[in-house]
Structure formats: C-alpha cells, structure tokens
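Below is one structure, written out as structure tokens, with a few remarks after it.
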There are 2 protein chains.
Amino acid sequence: MTVFFSKKCEYGLQAVLFMATQENDCVCPSEEISKKLNIPKEFISKILQSLTESGIIESKKGKSGGFKLAKQPSKIKLIDIVEAIDGLESFNSCVLGFPKCSPDKPCPVHEQWGVLRTKAHEMLSSETIDKFKEKTLKKINNA
Amino acid sequence: MTVFFSKKCEYGLQAVLFMATQENDCVCPSEEISKKLNIPKEFISKILQSLTESGIIESKKGKSGGFKLAKQPSKIKLIDIVEAIDGLESFNSCVLGFPKCSPDKPCPVHEQWGVLRTKAHEMLSSETIDKFKEKTLKKINNA
DNA sequence: TTAAAACCAGATAAATTTGTCTGATTAAAA
DNA sequence: TTTTAATCAGACAAATTTATCTGGTTTTAA
C-alpha cells in the first residue's frame, strides 16, 4: 500500500487547487468539479461539505449555487487542506507504529524519518495554493 | 489518515528489526515476536509467512521452530521489506492522485513532492538493518 | 512412537475507507 | 409562483485492510 494522503485528501486537494483556478466570485457546482477531475459526484460532494465546515471553502445553496474559496488563494496553504481532511496526527506519530515514539524513546528510524517528515511538513506549510494555478490548469486540460 | 506504511508493513519492519537483534542461528517463534512487539499473533504470523516467501526471512517448521533472517543483517535494506509487503508503487504514483502524473504531464506539486519522495526512497535504500540493532533493543526493552 | 509445539493454508469476521442512494431544503430563474 | 438546480444530511453499500479462527502438516523431544 504505502499511501501518503487518503483518497479523500487527494480529492480535496485536487478540488481546492481547481477552485483556485476559477474566476473570483464564480461558484463552482460539485458536478462540474466531479466531471473536471473525474471524481465520483457524491463523494466529492461530501468532501466539499466538510471543507465548507472547516472554513476553507464556502457554499452557496440553491439554483446556480456551488462552491468557492473562502479566502484568497494566497492565504490557503496545502497543509490547511490536509489538516481539515486527514488531520495532522501522522506528523506526530511513529512511522513504524511503535508506541510512544519520541525523542526520549525513539524508534529505530526516528532520526532518519524525522528529517523527512519535517521537510514534508515544511513544504506543505509554506506552499500556498495561488502558486499552483498555472500548473493545475495545464494538468487538468492536458491530462 | 495520512499514513506512510500500511499496518502490515509497519509490523513487518518491526519484526525484521527485532529478528536482527537475535543471536545468529536462533530461530524466533511467531508467538515470541507477537508478545515482544504487541502484535496480534495470527496477524504477524501471516506477515512472517509472506516475508518468508519473499526470501527475506526463513522459517523452520515443527517443534522448536520459528523464523530467522535469511541473509546477513547488513544485506537487508529497509526498502526490501517495504517492497515485499507494500510494494514500490507509491514511489512512482501521483501524491495527489492525478492520472498519468509524470515529468511530461506533472501534477501541480510534482516537483516539490518528487524531491521528498526521492529522499525517502534514498533513505530506505541506503539503510540496512544491522545499523538499527542497538536502537531496536533499547526501544523494545524500554517501551 | 507419541505428544507437543511450531509453521502453513484457507476461510471467515471486523473495522475502516471509499463510494452510492434517497429525500429534504434552499434559492435562483422562468 | 412554480419549476429547476443546487447544497445538505443521513443512511446504505461495496471494497479494502486488519484481524481471527479452524484445522492440517511438520518436526523435535520426551
């Protein structure tokens, strides 16, 4: 197996990155997101609902409703989306599954893995979604 | 969620690291491994069976049987165990779940994630399990 | 030779994650 | 005002992962 993000989180990241490519006050119905990204409609709907609760996106109900970002793209970090969906536990728990892994009671690979995990966390915390607009458009339209 | 290794893989890594701390020709029954590492007996048995098939460990059947490493600890890399259990697909597939993510058709975070993934792969490929003997003993006996 | 202690094999069960369905509510547009 | 198109809520279903059970086979040791 060996995944990093859950499917939900992958889809959530895709969806938010996609929404960041849209014009400002244009709301995006879940069906459109579903089609553009090839994600089952009902599934992405649920994910969008939870991202709405988390305050990352906003929803507009009723006809010609949909979703849009709740903040400026430059204010949304990748880690925000990950935290909302998968949580941050993995950045604080043992990669080998040992109990109570800590600097005090390190697991065998504590050091080696710690470095990598920190780098991953730094990357996700520093990158904001406005940086990915072009690449996202390219990927979605080319793929 | 956000896991890196599956539970199976975590347990497999723990078990092999533990076996590397044992005396050379001493075979280790699955029950002992189960108790030492707090892993359900039947579950770790299955995992040990599959590691046996993969040639990483050897089994001795019958009374006073058990498992031991099939090679010298210095010849077993962490990545070997991961490959045997989880496979290497994740090192070659898109972290955002986009289809056909490649240098040609990169996903939005292709570069950023690629660096991290490569580092993870390098770490797992360079570290051999003999390096962890002491730390493993400490962790198991202290925890 | 026999009993005990281990691995082995395959089925089954439980838990979690992923995905679907139904109907209610909301709000814009005809 | 009514129809239509959307979110929302909660139950349900399927798939995957994790864990357990049962019984068989192997081999040592008493």
Side-chain angles (χ1 to χ4, degrees), chain A residues 1-15 19 22 25-70 82 85-87 89-90 97, chain B residues 1-15 19 22 25-70 82 85-87 89-90 97:
Chain A
M1 208 178 58
T2 319
V3 295
F4 198 73
F5 300 127
S6 69
K7 217 90 190 108
K8 265 187 198 168
C9 194
E10 287 179 9
Y11 289 159
L13 286 162
Q14 287 190 23
M19 283 188 275
Q22 300 298 100
D25 285 320
C26 145
V27 299
C28 215
S30 61
E31 180 148 24
E32 184 187 346
I33 298 176
S34 159
K35 277 181 181 159
K36 276 283 185 186
L37 300 173
N38 278 296
I39 302 171
K41 180 175 176 298
E42 309 298 339
F43 198 33
I44 193 63
S45 293
K46 286 288 180 205
I47 296 166
L48 292 169
Q49 273 179 49
S50 84
L51 287 171
T52 304
E53 277 178 49
S54 307
I56 292 171
I57 63 180
E58 284 174 354
S59 71
K60 191 185 169 200
K61 298 180 190 175
K63 187 162 179 181
S64 73
F67 298 88
K68 66 170 201 171
L69 301 182
V82 174
I85 301 178
D86 278 350
E89 203 194 316
S90 68
Chain B
M1 207 179 61
T2 319
V3 296
F4 198 75
F5 301 127
S6 68
K7 217 93 192 102
K8 264 188 198 168
C9 194
E10 287 180 7
Y11 289 160
L13 285 162
Q14 286 191 23
M19 283 189 273
Q22 300 298 100
D25 285 319
C26 146
V27 298
C28 216
S30 61
E31 181 148 25
E32 185 186 345
I33 298 175
S34 160
K35 279 181 181 161
K36 276 283 185 186
L37 300 172
N38 279 295
I39 302 170
K41 182 176 175 297
E42 309 297 339
F43 197 34
I44 193 62
S45 293
K46 286 290 181 207
I47 297 167
L48 293 169
Q49 274 179 48
S50 84
L51 287 171
T52 304
E53 277 179 47
S54 307
I56 292 171
I57 62 180
E58 285 174 354
S59 71
K60 190 185 168 200
K61 296 181 192 173
K63 188 166 179 177
S64 71
F67 297 89
K68 63 171 204 173
L69 301 182
V82 174
I85 300 178
D86 278 349
E89 202 193 317
S90 68

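Only this structure's heavy atoms are used, side chains among them; waters, hydrogens and symmetry mates stay out.
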### Task
Please check the phosphate of C/dT18 (OP1 and OP2 only) for any side-chain N or O of A/Y11 closer than 4.0 Å.
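It does not, given that no N or O in the side chain of A/Y11 lies less than 4.0 Å from OP1 or OP2 of C/dT18.
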### Query
Are any of A/S59's side-chain N or O atoms less than 4.0 Å away from OP1 or OP2 of D/dC8?
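Answer yes for this pair, as a side-chain N or O of A/S59 is under 4.0 Å from OP1 or OP2.
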### Query
Starting at the 5' end of DNA chain D, which residue's closest nucleotide do you reach first, A/K63 or A/P29?
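Comparing both residues, the 5'-ward one is A/K63.
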### Query
Nearest nucleotide by nearest heavy atom, which residue falls closer to the 5' end of DNA chain C, A/G62 or B/G66?
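Its nearest nucleotide being more 5', the pick is B/G66.
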Measure [atom1]/[X] against [atom2]/[N] and give the value in whole Å, please.
| X | N | atom1 | atom2 | value |
| --- | --- | --- | --- | --- |
| B/K60 | D/dT28 | NZ | C1' | 7 Å |
| B/D86 | D/dT18 | CG | C1' | 13 Å |
| B/E53 | C/dC7 | CD | P | 15 Å |
| B/E58 | D/dT27 | CD | C1' | 16 Å |
| B/I85 | D/dT16 | CD1 | C1' | 17 Å |
| A/E10 | C/dT17 | CD | C1' | 13 Å |
| B/K61 | D/dG24 | NZ | P | 16 Å |

### Message
I want to verify a distance call: between C/dC8, D/dA29, C/dT18, whose nearest atom is closest to the A/K7 side chain?
### Response
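The answer is C/dT18, which lies nearest to the side chain.
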### Message
Any heavy-atom pair between the side chains of A/F67 and A/V27 that's under 4.5 Å?
### Response
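Sidechains of A/F67 and A/V27: no contact.
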### Query
Below 4.5 Å, heavy atoms only, C-beta onward: do B/F5 and B/V82 meet side chain to side chain?
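SC-SC contact between B/F5 and B/V82 confirmed.
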### Message
Would you compute the distance between atom CG of A/L37 and atom CG of A/L13 and round it to the nearest 0.5 angstrom?
### Response
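Going from the CG atom of A/L37 to the CG atom of A/L13 covers 11.5 Å.
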### Query
To the nearest 0.5 Å, what is the distance between CD1 (B/I33) and CD1 (B/I39)?
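It is 8.5 Å, given to the nearest 0.5 Å.
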### Message
So for atom NZ, which belongs to B/K36, do other residues, nucleotides or ligands contribute more than 12 heavy atoms lying within a distance under 6.0 Å?
### Response
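It does not: B/K36 NZ has 12 such atoms or fewer within range.
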### Task
Start with the C-alpha distance between A/E31 and A/K35, add both sets of side-chain angles, then the distance that settles salt bridge (charged side-chain N to carboxylate O under 4.0 Å, His left out), and finish with yes or no.
CA-CA 6 Å; A/E31 180 148 24; A/K35 277 181 181 159; 3.7 Å; yes
#### Entry: Neighbours of DNA chain C within residues 30-52 of chain B, by heavy-atom distance under 4.0 Å
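Residues of residues 30-52 of chain B under 4.0 Å from DNA chain C: B/S30, B/K46, B/Q49.
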### Message
Between A/S59 and A/G66 (side chain of the first, backbone of the second, donor and acceptor by atom type, cut-off under 3.5 Å), is there such a pair?
### Response
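Here the side-chain-to-backbone pair does not exist.
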